[in-house]
Amino acid sequence: RNYLGVHTPQDVLVSLFLGLPILLLVRHLITCIDKSGKHDLIIMIGGILLSAILIFYAKAKDYPLDYVGDQLLVNPSQMINGAFRAGGGMTGFLCGFILDRKLIHFDETSGDWKDKVFRFLLGMAGLVLMFKTVPGITALFVSGGKYAFINGALIPFYITAIFPLLVSGKQIFAREK
């Protein structure tokens, strides 16, 4: 990746030093999450803070402006938008995950094979529809980092909250009489 000019040695070192502790932390968090639902909000806030740190790092980092001929090797705006997209993805996933744990309680193992195939096809159709329409709609209202963050958040949120809510048929917000 360094040879191709996609990442700097600084990028590789930071990812190595952060990757292992993050992997161990996520493993520990998943164990904690499965044992009790008491830490859900803390985990969600922690993940969103980590996303904010990623975005801040990407914006503050000094990108080399190296050229081969007249082509820029590393485009800083693409790198920053990638960080916004990843931060949005983490935020969308965490928010959807917590909604599912607290309100939806989707059971992906329920139903026979026909139900599962139907849910799969319905979910894939929804994803294709989102991939084809959401970026264009989002572009009408925002651009740059906000655009990347929102588009990064919507797909994981759809997968972890919207789709499970649609196929479970639950009335989460219905008033009791």
Side-chain angles (χ1 to χ4, degrees), residues 1-30 32-33 40-100 120-166:
R1 303 291 291 181
N2 288 355
Y3 174 77
L4 295 173
V6 178
H7 292 287
T8 64
Q10 177 189 6
D11 295 334
V12 174
L13 290 174
V14 168
S15 67
L16 287 174
F17 286 118
L18 291 178
L20 184 60
I22 289 173
L23 180 65
L24 295 173
L25 176 66
V26 168
R27 181 177 174 212
H28 176 72
L29 290 176
I30 289 172
C32 290
I33 288 172
D40 289 350
L41 186 60
I42 294 168
I43 291 167
M44 185 176 85
I45 292 169
I48 291 170
L49 284 174
L50 283 174
S51 296
I53 290 168
L54 167 70
I55 291 168
F56 177 77
Y57 171 74
K59 287 185 65 107
K61 183 182 181 315
D62 185 28
Y63 293 94
L65 297 177
D66 296 331
Y67 289 87
V68 171
D70 61 347
Q71 183 177 0
L72 182 62
L73 289 177
V74 177
N75 185 336
S77 65
Q78 287 179 342
M79 300 297 282
I80 293 168
N81 283 340
F84 271 94
R85 189 175 301 104
M90 176 63 87
T91 302
F93 168 77
L94 288 169
C95 292
F97 176 74
I98 298 302
L99 279 174
D100 181 48
F120 171 78
L121 293 174
L122 184 63
M124 291 306 292
L127 279 175
V128 169
L129 183 65
M130 288 190 71
F131 275 116
K132 295 294 182 183
T133 60
V134 168
I137 294 169
T138 308
L140 295 173
F141 302 101
V142 293
S143 62
K146 292 176 188 173
Y147 170 84
F149 185 89
I150 290 169
N151 284 318
L154 286 177
I155 298 299
F157 188 74
Y158 169 79
I159 292 169
T160 56
I162 296 171
F163 178 74
L165 181 62
L166 291 174

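This one's a predicted model, so the numbers in the text were calculated from it and none came from an experiment.
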Spacing of [atom1] belonging to [X] relative to [atom2] belonging to [Y], to within rounding of 0.5 Å:
X	Y	atom1	atom2	result
L50	I55	CG	CD1	11.5 Å
F84	L54	CZ	CG	9.5 Å
I48	I53	CD1	CD1	12.5 Å
I155	R85	CD1	CZ	11.5 Å
L25	I43	CG	CD1	9.0 Å

Count the heavy atoms of every other residue, nucleotide or ligand shown that sit under 6.0 Å from CE of M90, and state whether that count exceeds 12.
no
Which atom pair, heavy atoms only, marks the closest approach of [X] to [Y]?
X	Y	answer
G47	L94	CA-CD1, 3.4 Å
D100	P164	OD1-CB, 4.5 Å
S15	V12	OG-O, 2.7 Å
A58	M79	CB-O, 4.5 Å

Residues in salt bridge (Lys or Arg N to Asp or Glu O under 4.0 Å) contact with K61, at least two apart in sequence or another chain
D11
Set of residues satisfying side chain to side chain contact (heavy atoms under 4.5 Å, CB included) with respect to [X], sequence neighbours excluded:
X	answer
F56	A60
F93	F97, P156, T160
A161	L99, I104, F157

Can you find a pair of side-chain heavy atoms, one from L41 and one from I98, that are under 4.5 Å apart?
no
Given side chains that start at C-beta, do those of Y63 and I80 come closer than 4.5 Å, heavy atoms only?
yes
Quiz: residues 135-148 side-chain donor-acceptor pairs under 3.5 angstrom, not counting sequence neighbours:
residue : atom : partner : partner atom : Å
T138    : OG1  : V134    : O            : 2.7
T138    : OG1  : N151    : OD1          : 3.2

Who are the side-chain hydrogen bond (donor to acceptor under 3.5 Å, both in side chains) partners of T91, not counting sequence neighbours?
none
